[in-house]
Amino acid sequence: MKILVAQLARLGDIYLTWPVLNALKRQNPDAEIHVLVRERYADACLGLDPSIVIHTLESKYLLETIYSDGNEEQALRRVSKFVDELLEHRFDRVINLSFSPMSSFLSHAFERMGSEVHGYTRHPDGFFQVADEGSAYFYAQVGSNSFNRYHLLDVFALIAGVQLESVDMCGPDFGSDREIPERDYICIHVGASEAEKQIPVRLIHDLTQFLCQEHGLRVILVGSEEERFAIEQAFQGQTYGGRLVNLVGATSVEEAVALVSQSCLVIGGDSFAMHVATLASTPSVNLSCSHVNFWETGPLSISSRVVYKERMEDHTVEETWLAISEILSYKSTTQFIRCQSERLGEPRYYGRLPEQDEFQWAFISALYSGTNFPVLDDFSVYKNLASLAKMSKVACETVPEVLDVNKRSAAFELLNQIDTSIDRLADYDSHLFPLIRWFQTEKVRLGPQEFEPLAEKTQQLYESLLKVCSLYVENEDIDMKEVSP
Amino acid sequence: MKSKQELEQSLKKLDESARKIIQTRGYTREVEKIKILEEMIKEQLRNEDSRSTASSSR
């Protein structure tokens, strides 16, 4: 068997994919495992099991002629060659953990050749499709503005069809060849993929100074070339008697990974360093904020802490130090968010969780895991659910009319208006977001088919939506004549 | 180095090519490759944040 895992997202996502690759290898010892990553992030594959075949997407080369002289034809020839060479491998399974439009078209290219595809793909008519329940969950519920509490690691494993075990949670081992003092320094990763997620330079400076001068600790800073100037400006060559080593912009990915792995503790925002630390079982202090869903991408090494603030600017040296000192002194309090790494497949964090969105999470659990639906005690939400129920009921009554050629046009117009109103309701009331996202995703999954079965399945979807709403809304409120968009 | 506007022009041309093929021959392998290239260009316009539009994929 030949299996391809497509991970065309960023550095951190590739490290999050390592356990899945390890599990695939373990569960399919005779299979040939391949992985596809972007060339720019290929260093994140260094240290993988040597039997895993690595393919790279060379965006720069493929798009070169577009950038240089607008030669789309030449670029298309290069893309075709790249795709055809991959197709020649005739993979039995393709697991797309990239969740992007581009990767969905690539997945479908494999599907045409007979590969079993997991993840984002396309319907035969080119429209977007989610191939499996795990991907449907991702599409509907995962993202920084979502209410999802499953870690991405677990969602990846679900999509890949593997059961993760602790033996899979290992990453690159560069320590033995490196002249790095083991476990006697704190590593601070200063970067992040987006500005809102970056630890403020002021905090990095003040925290580093505090750790070095007040507590005599050794600190190594790592980060990319983009962060180098700001960090150099902040520290002006200061080393605090040799306790600070500034390696921002001065290491390869491999070296940064080694430094993170070998540290006694890692401090970082939502970045690849957290995932490397997880794989190396290095405790982390993750400085998180409302722009990030820490449930999805937080650290998973036991004894790690998540310090959550509304904005990254709200983080303080004092509170960060409290989290650090808890880890270093093996103390355990409920002051911070902590990881329970044993709880594979369940929400990973407990402790001082931010007050947020319990209703929405409980709703997600009910929709996907069969737990009880949450109690509703907010009348404004009830009214919005009643609106949703009414719209669903009207839709249920309208769908059969699309089969009547005389009523079809009016029926489509009304159904489009209803769908637009339902979409708006999700933006208007976040309590309804999980339910409406589930509904929208199931509609996407219907795909091209004969008119009558499509109408029947569409009606069943609206009926399911109505059924859930009816758990909360009294019948007389659904039966009222007016429908408010 | 092409500007954003020029990249968008390339996108338009590719989209038009794909559209013409779909109209005459349906969603073929050739269309698929055009779409892959289109999406790669769009990713560059978004600074290679490949996942940002995943949930609005169509």
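Proteins get letters first, then strands, A, B, ... in listed order; numbering begins at 1 in each.
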Between A:Leu62, A:Leu76, A:Leu106, the one whose heavy-atom pairs under 4.5 Å with chain B are most numerous: A:Leu76
Chain B interface, residue from A:Leu63, A:Leu57, A:Val83 that has the most non-hydrogen pairs under 4.5 Å: A:Leu63
Lys/Arg cation over aromatic A:Tyr41: A:Arg10, 6.0 Å, 45° cone: no
Which atoms of B:Lys35 approach chain A - backbone, side chain, both or neither, heavy atom under 4.5 Å: both
Sidechain-backbone polar pair: A:His151 side chain, A:Glu296 backbone, donor-acceptor under 3.5 Å: yes
Single hit among A:Val37, A:Ile14, A:Leu36 for side chain to side chain contact (heavy atoms under 4.5 Å, CB included) with A:Leu8: A:Leu36
Side chain, backbone, both or neither of B:Leu14 within contact of chain A (heavy atoms, under 4.5 Å): side chain
Charged tip of A:Arg149 within 45° of A:Phe294 ring normal and under 6.0 Å: no
